[in-house]
Amino acid sequence: MAVGELPPLPNAEMGKVVLRLAPFPSGALHIGNARMLYLNDEYRRRYKGRLLLVFDDTIGSEEKRVDVELFDVILHDLEIAGTPPDEVFYKSDRIPHFYPWARRVIELGGAYVCICPAEVLRENRRAGRACPERAQDPPTTLDLWEKMLGGTFGPGEAVLRLRTDLADPDPAFRDRVLFRISDVEHPRVGQKYRVWPLLEFSWAVDDIELGPTHVIRGKDLVMEDRMEQHIWKLLGIHGPPFLHWGMLRVKEAAIHKSKAYREVKSGEYDGWADPRTWSIDSLERRGIQPEALRRFTLSFGLSLADIEVPAETLYAENRQIIDPTTPRRAFVADPVRVDVTGYPDDRRTVELANHPDRTELGKRIVTAGPSFYLPREEIVRHIGGEIRLKDLANIRLPAEIASEATIVRAEFLDLPNRRIPRIQWVGAEGAVDVDMLDPEGQHATGIGEAALRDAAPRDILQFERVGFVRVEASHMAGNAPVRVCFGHR
RNA sequence: GCUCCCGUAGUCUAGUCCGGUCAAGGAUUCGGGGCCUUCGACCCCGUAACGCGGGUUCGAAUCCCGCCGGGAGCACCA
C-alpha cells in the first residue's frame, strides 16, 4: 500500500490535528514500535498538525520499572527515526492534575474505594461478585479517598475503582482500578506522590487536557477506549476518536523488550544499539534509512490484522533507497593468501568504478597482484578450477590445499572476461583488516581493499558479493581494523 | 473459559462501508530468461489468493447466518 493511501482521519482539519505518542520508558523503541511512530507522524505531516510525546511514566509495577536512562534513549530514537515530537510531557509531572478529576468522578458516584486484597478483587471480578465497599455513597468514598491521599492506607491496602457493571460480559471491563498506592521511589519525582493513576484514568484525563484530536494506538489498548469513553460519559464530556493498528511482528526479530533490557543492563549486549535488540537505533547502525522504515511500516496501513513480516521486506525497501548511491568495495571474509605465478607486471594496479551503474560516483585505483586475498570458502568450492578475479584476471586454483593453509599458489591464465565464477579479491599490498558485526551479534574478521582507509564513520558501503554495511570506526593510524556493521544483502 | 478484533497468493497489501467495471490490482519472495566483470541493480516472463458451509440476489471477495482458524484483552503493568 502506498503511503498516500492511508485513510483520512475522521473530522480532521488541516493545521488543527494533534496526535500523541505514549511510550513507557522500559526499553528503547524497537522495530515493532515503528508502526506507532510513523502512523502518527504521517498524519501529523498530512494535516500539518502537532505530535506530542507523552512519557507514560507512572509508577509502573515490579515487572515494569521506569528507567531514567530510557527517556533520552527514546528521545534519541525519535530523532533518528525522523519523527521528532513537537512537545514533550511526562506523566509523572502531571499527577496532581488527576486528583481533581478523581474527585469529580467520585462525586458523581462513578467510583469507590475498595480495600480487598488484590487476589480477592480479581476473584470477585471474575465471578461478577460485588465486594462490600461497592455500596459506598460518594461522601464515604470521598472520605476514604482523602485517607488514601493522606497516608492512612499502605501500598496495596486500598484502590479507587471505577463502577461499571459487574455483569458486563467482558470480564476485563468490570470495575477497573483507577488509582492505587505505591511508595516506590520514582526516578523523576521520587516519593512525592503515593497515589498513582493507572493508564486508563490518566489518559481519560490527558486525552482531554492535552488536547489530542485523534488517538492512534495499538489494538492491545482497545479496552482502554471503552474505559475512557465510560469516564467521559459520566463526566458529560466528549473525547477524541480512537483508531487502532494490529500487532506487527518481524520474523527475525524476537522482540522481547524485557530480555533486551536485561542483556543491555548486564552488558551482554553492546547497549541499545546492539543489532540483537532490533531497536530503531540498531537499525540505523546497520544503515537502514529512516525512509525505508517509514515506507515499510506505512505499507501495512491502519489494518487491525496482526501480521508477521520477514525482515527481507524492510531490506528490500532499504536497498531501493541506498543501492543507487552506495560505493562498492572489496571485502574478503576468512581470507587465504593466494600468490599467482606468472602474474603480469602491468596489472599491479587497476582502475575500478565505485558503482557499476553510476559513473557519477567516480573511480578508484586498486592495488592488485601478484599476491591476493581470497575467501577460503570460494577457494575450497572451486579448488583445481578456473576462476575470475572480478574485474581483473583469470587464474587457476591449485588442485588441492591443506585445510590449514594460509598461503596457496595459483596460476595466472589470461585477462579477458570469461564466463567462469567471479570472485571478489583484495590485493595483498595495502590491504586493511576489517571487523564486521552481524545482526546476530557475531564479529567476523576479514580483509578489505586499501580504499577502506578513507572510509569514515556512518558511511554506507556495499561489500561486493557480501552485502551492505555501515562503517562504525575508521582505520586508525596503528593496526586497528576498520569496524563495520552488516546491514543486509 | 469470557469479551473484542481479524481472516484476499509464501509474505504484506488494494478492493469489502455504497453487490456487477474483480475470470481480483500492487509490493516482496520464489522460479525462468536477459543485461551488467557482484550472490547487488535493472529489464522481461512465470507460479500463486477471496478460510469453510449455507442463505439473499439476475449477479457476492463484497450483504446475512453458522462454523473453523489466528490474535489481543481478562494486572493494584503500560
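All values below come from the heavy atoms of this structure, side chains included, with hydrogens, waters and symmetry mates left out. The chains referred to below are lettered A, B, ... by the order of the sequence lines, with proteins before strands, and numbering in each begins at 1.
Considering only heavy atoms from C-beta on, Ile115(A) stays 4.5 Å or farther from Leu144(A) through its side chain. Here the side chains of Arg388(A) and Asn417(A) are in contact, with some heavy-atom distance below 4.5 Å.
For Pro171(A), counting side-chain heavy atoms from C-beta on, the closest listed nucleotide (rU29(B), rC74(B), rC5(B)) is rC74(B). Counting only heavy atoms from C-beta on, Glu224(A) has its side chain closest to rA78(B) among rG73(B), rA78(B), rG40(B). Between rU38(B), rC76(B), rA41(B), one nucleotide has an atom nearer to the side chain of Ala118(A) than all others, and that is rC76(B). Across rU13(B), rC76(B), rU38(B), the shortest atom-to-atom separation from the side chain of Pro356(A) is found for rU38(B). Considering only side-chain atoms of Phe468(A), the nucleotide from rC6(B), rU3(B), rG40(B) that sits closest is rG40(B). Distances were taken from every side-chain heavy atom of Pro310(A) (C-beta onward) to each of rC39(B), rA41(B), rU11(B); the shortest belongs to rU11(B). The Lys64(A) side chain lies nearest to rA78(B) when the options are rG73(B), rA78(B), rU13(B). Among the nucleotides rG40(B), rC74(B), rU11(B), the one closest to the side chain of Ala172(A) is rC74(B). Between rG40(B), rU37(B), rA78(B), one nucleotide has an atom nearer to the side chain of Arg319(A) than all others, and that is rG40(B).
Within 4.0 Å (heavy atoms only), Arg328(A) reaches at least one base atom of the nucleic acid. Here Leu221(A) lies in heavy-atom contact (under 4.0 Å) with a base. Within the nucleic acid shown, Leu199(A) comes within 4.0 Å of at least one base atom, counting heavy atoms only. Within the 4.0 angstrom heavy-atom criterion, base atoms lie near Gly156(A). Base contact: Val159(A) has a heavy atom under 4.0 Å from a base atom. Here Glu378(A) lies in heavy-atom contact (under 4.0 Å) with a base. Base contact: Pro117(A) has a heavy atom under 4.0 Å from a base atom. Nucleic acid contact class of Asp357(A) (heavy atoms, under 4.0 Å, all strands): base. The residue Asp391(A) sits close to a base: some heavy atom pair falls under 4.0 Å. The residue Arg122(A) sits close only to the backbone: its heavy atoms come under 4.0 Å of sugar-phosphate atoms, none of a base. Counting non-hydrogen atoms under 4.0 angstrom, Pro169(A) reaches the backbone sugars and phosphates but no base.
Dashed line: the shortest gap from a side-chain N or O of Arg465(A) to OP1 or OP2 of rG40(B) is not under 4.0 Å. Under 4.0 angstrom from either OP1 or OP2 of rU13(B) there lies at least one side-chain N or O belonging to Ser303(A). For Ser26(A), no side-chain nitrogen or oxygen approaches OP1 or OP2 of rA78(B) to under 4.0 Å. Taking side-chain N and O atoms only, Arg125(A) has no distance below 4.0 Å to OP1 or OP2 of rC74(B).
Checking rC17(B) for Watson-Crick or G-U wobble geometry (two distances, each under 3.5 Å) identifies no partner in any strand. Across all strands shown, rA72(B) pairs with rU3(B); the Watson-Crick or G-U wobble distances both stay below 3.5 Å. In this structure, rC22(B) makes no Watson-Crick or G-U wobble pair, since no nucleotide meets both defining distances under 3.5 angstrom.
rC6(B) atom P lies 11 Å from atom NE2 of His244(A), rounded to whole Å. Look at NE2 on His488(A): it is 12 Å from P on rU29(B), rounded to the nearest Å. Atom pair Lys219(A):NZ and rC6(B):C1' shows a separation of 6 Å (rounding to whole Å applied). Atom CZ of Arg419(A) and atom C1' of rG34(B) are 10 Å apart (whole Å). Between Lys251(A) atom NZ and rU11(B) atom P there is a gap of 10 Å when expressed in whole angstrom units. Residue Arg217(A) contributes atom CZ, which lies 19 Å from atom P of rC4(B) at whole-angstrom precision. In this structure, Leu243(A) places its CG atom 13 Å from P of rC6(B), rounding to the nearest Å.
Evaluation of atom-type donor-acceptor distances gives no pair under 3.5 Å for the side chain of Arg422(A) against the base of rU37(B). Counting distance only, with no hydrogens placed and no angle test, the side-chain atoms of Glu62(A) and the base atoms of rC76(B) include no donor-acceptor pair under 3.5 Å. Interface remark: the Glu317(A) side chain does not form any donor-acceptor pair with the rU28(B) base, using a distance-only criterion of under 3.5 Å. Judged by distance alone with a 3.5 Å cut-off, no donor-acceptor contact links the side chain of Asp306(A) to the base of rG7(B).
The aromatic rings of Tyr343(A) and Phe412(A) sit perpendicular to each other, their planes meeting at more than 60°, with 30° as the lower class boundary.
For the side-chain contact (heavy atoms from CB on, under 4.5 Å) with Phe179(A), the lone residue among Ile95(A), Leu198(A), Leu160(A) that qualifies is Leu160(A).
Comparing the P positions of rC5(B) and rC67(B) gives a spacing of 16 Å, expressed to the nearest Å. Comparing rG19(B) with rU29(B), their C1' atoms sit 34 Å apart, to the nearest whole Å. rC17(B) and rA61(B): their P atoms are spaced 12 Å apart (whole Å).
Here the straight-line distance linking atom NZ of Lys91(A) with atom NE2 of His186(A) works out to 11.0 Å at 0.5 Å rounding. From Asn124(A), atom CG reaches atom SG of Cys116(A) across 5.5 Å, with rounding to the nearest 0.5 Å. One finds the NE2 atom of His76(A) at 14.5 Å from the CH2 atom of Trp272(A) (value rounded to the nearest 0.5 Å).
Mapping Lys390(A) and Glu312(A) onto RNA chain B by nearest heavy atom places Glu312(A) at the nucleotide closer to the 5' end. Where Arg180(A) and Ala305(A) meet RNA chain B, the nucleotide closest to each residue was compared, and Ala305(A) sits on the side nearer the 5' end.
In this structure, Arg226(A) is positioned above the aromatic face of Phe173(A), its NZ or CZ under 6.0 Å from the six-membered ring centre and within 45° of the axis.
Nearest heavy-atom pair, Gly60(A) versus Phe24(A), reported as atom, atom and distance to 0.1 Å: CA-CZ, 4.4 Å.
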